[in-house]
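Comments concern the structure below.
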Amino acid sequence: MEKVITLRGASDTRQASFRIKYEELLNPAQLEAVTHREGPLLVVAGAGSGKTRTLIYRVARLIEGRVPPQSVLLLTFTRRAAQEMLRRAEQLVGEQSRNVAGGTFHSFANLVLRRHGSAIGIPPNFTILDRADMEDVINLIRTRMGLAHKEQRFPKKGTLAEIISMARNKNRSLTEELEEDFAFLCDRREEIVRLAQAYDNYKRERGLLDYDDLLYRLVELMEQQPRIRDQLSNTYRYIMVDEYQDTNAIQARIVVMLAAAHHNVMAVGDDAQSIYSFRGANFRNIMDFPRLFPDTRIIKLEENYRSLQGILDLSNQVISQAAEKYTKALFTRRPGEVRPMLIRAEDEHMQSRFVAQRILELREDGVDLDQIAVLFRSSFHSFDLELELQRCDIPFIKRGGFKFIETAHIKDALAHLRVIVNPVDAVSWLRVLLLLKGIGQRKAHQLIEALVASGQPHQQLAALAASGKGGQPLTPLVTLLRNLGAETARPGDQLAAVLQYYLPLMREAYPDDYPKRERDLEHFQTIAERYRSLRNMLADMALEPPTDSIGDVLAVTPEEGLVTLSTIHSAKGLEWKVVFLIWAADGRFPPPQSADPQSREEERRLMYVAGTRARDELYISYPIHMFDRSLGYVMGRVSRFLEDLPPEILPAARLEEET
């Protein structure tokens, strides 16, 4: 076989062959990144610096440079982001971009495992467990192992799921994870390790993969099957990764393995916006990229297209004190001299009154309410403000709460569809059976064991229903599953049949709020109509589900829009004309638990993210008198990240009552 020698760091300079005028459409740093062709590239993209535009034009440039589109892989953190980038790339270079592989790490892993997973024992019709399903299985095993007695202090299912998930995301053994993040549970180490092993065995026996397994077992596949790894690496010759600072240890490992044959990786991210360590994201990934990929070329995007220079000056000052960073200084060409303002309030309620009053003034000045956001470090920081906004009749939406896919009624409907695709999915059978009168936990588990052991669950269910031995409640279910037909039927028709069967059961189970739940199910029906494959729909619902319950959306629909209340973590990637950052007080931001240097540095980056969400106006406030549960009222001082900033960077004002 002929050896291929790759030239590192080359840029594609064949200008005459390109239809798009890249030099006119991109700034110099963006152009340098877009025209890079071979070898590893790290694009350090400051907030609002046009990283998405850079990725889109890089896709277009590769296609115009005669790179086969199917050899380009674009990995993002939301499917919507990938779809939007490829849609815009198609506007530039036409339908060729449709052949680019784009999606999330998890959707990519799902695709590869369904095609090649049988090589390591994964059936192509595996079911993906969401977090609630994962916890249900863990609870089942916990009970079977005799670890659920009230007299014993043993972690609950949510904590156990968190331990197992974090160990996976951080690429640690379970023992290491317990010692690092759950030291108070180390005395139950042996039982937790046994439970985790039983959980893994349970999944493997029943064709189940949880969300973390998708990545973990993709790595397992590539490590154990070098032929498949090489095939993937040679298929995807140009890899681009968005939001690289948010990758975890497993995702970084996947990138290295996919690029083994060529090292053509373009990682785009901002070390200053690495704020998700609690989800397993690893700050070291972006800092160590040049070490993992020798001869890495580093390009910094520093021109900001979002904020006024005053906001950028403050943000630059905050992040300049970081212990470890890629040094950069954001600048803008936008005209405007408005500076951020530090607001000192006497107490929390005065802080809330200021925010409400200023929002009313902005509305009078013509600023739409949906262009205004109030950000905070922790969700409970907004409680007093919420009451004040209600008092002032200012409509708002708070980001958070139950996701659409996590609601019981949606999970019930999904369970009926999932047992069509994977008849040995015990988790879904449990939900389906517990809806029936006369079937409790014990009988449901007995039925599931009989169904799975038979090898033909649907036929066995029909036999049990026809036996006359307590099988009467099963008859309508058997009829439904028979009517659902093959997996190849249209998902919209299948869901419609499920809902006809399920709605009477739901109205009985949730008499207090079933109209709202019905609207959610109508929304689900609309989603199902878009699909031709039930398997694809179920995979999408598990990998990147809808986030909003339609009932909540319909509750308030003012014509003027809604003010957004949001934690900073939920606000990343978003922007507003006017931003209020409340509770910027030491002990609240950063909170007391951020004592170690790594946590403190992440809190600094969180402050940077908060400030860079604002386009035109930024108000940062804190109360001088703060209530502490153990100490009573204490004197508040501004966050350590804003201390000692000169007034030309952050001018201050103190609120006073009108006399």
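Hydrogens, waters and symmetry mates play no part in the numbers below; they use all other heavy atoms, side chains included. From a predicted model like this one, the values you see are computed outputs, not experimental measurements.
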### Task
Give a yes or no on whether the backbone of R79 and the side-chain of T104 come within a donor-acceptor separation of less than 3.5 Å.
no
### Query
Between the main-chain N or O of A585 and the side-chain N or O of R637, is there a donor-acceptor pair closer than 3.5 Å?
no
### Task
Evaluate whether atom CD of E656 has more than 12 neighbouring non-hydrogen atoms of other residues, nucleotides or ligands under 6.0 angstrom away.
no
### salt bridge (charged side-chain N to carboxylate O under 4.0 Å, His left out) between R605 and D271, intermediate numbers included
CA-CA 8 Å; R605 298 193 291 269; D271 54 296; over 6 Å; no
### Message
On the six-membered ring of F641, is R604 placed so that its NZ or CZ lies under 6.0 angstrom from the centre and within 45° of the ring axis?
### Response
no
### Task
Could you tell me the separation between the NE2 atom of H569 and the OG atom of S378, rounded to the nearest 0.5 Å?
9.0 Å
### Message
Could you tell me if Y305 and N27 have a donor-acceptor pair between their side chains, going purely by distance under 3.5 Å?
### Response
yes
### Query
Under 3.5 Å, is there a donor-acceptor pair linking the side chains of D384 and S352?
yes
### Query
CG of L389 to CG of L385: how many Å apart, nearest 0.5 Å?
4.0 Å
### Query
Side-chain donor-acceptor pair under 3.5 Å between D313 and Q309, yes or no?
yes
### Task
Assess the side chains of K398 and S382: does a donor N or O sit below 3.5 Å from an acceptor N or O?
yes
#### Entry: Over 12 foreign heavy atoms within 6.0 Å of CD, E361
yes
### Query
Between R131 and Y211, is any side-chain donor less than 3.5 angstrom from a side-chain acceptor?
no
### Task
Ignoring hydrogens and angles, state whether a donor on the side chain of D596 or S599 is under 3.5 Å from an acceptor on the partner side chain.
yes
#### Entry: F589, W583, F580 screened by ring pair (Phe, Tyr, Trp, His ring centres under 6.0 Å) with H381, the one that passes
W583
### Query
Quick one: does R654's side chain have a donor or acceptor within less than 3.5 Å of a partner on A345's backbone?
no
### Summary
For E177 and I163, the nearest pair of non-hydrogen atoms, with its separation, is CG-O, 3.7 Å
#### Entry: Distance-only polar pair, side chains of S49 and N304, donor-acceptor under 3.5 Å
no
### Query
What are the two closest heavy atoms between E324 and F283, and how far apart are they?
O-CZ, 3.7 Å
### Task
Report the relative orientation of the aromatic rings in F184 and F182; use parallel for angles under 30°, tilted for 30 to 60°, perpendicular for over 60°.
tilted
### Task
Inspect the surroundings of CD in Q390 and state if more than 12 heavy atoms from other residues, nucleotides or ligands are less than 6.0 Å away.
yes
### Query
Could R279 and Y276 be counted as a cation-pi pair, given that NZ or CZ must be under 6.0 Å from the ring centre and within 45° of the axis?
yes
### Query
Would you say the side chains of Q245 and E243 form a donor-acceptor pair under 3.5 Å?
yes
### Query
Looking at E302 and K328, does any basic side-chain N land under 4.0 Å from a carboxylate oxygen?
no
### Task
Check whether the side chains of D270 and Y244 place a donor and an acceptor atom closer than 3.5 Å, and report yes or no.
no
### Query
Can Y199 and D210 be said to form a side-chain hydrogen bond (donor to acceptor under 3.5 Å, both in side chains), step by step?
CA-CA 11 Å; Y199 169 62; D210 63 34; 2.6 Å; yes
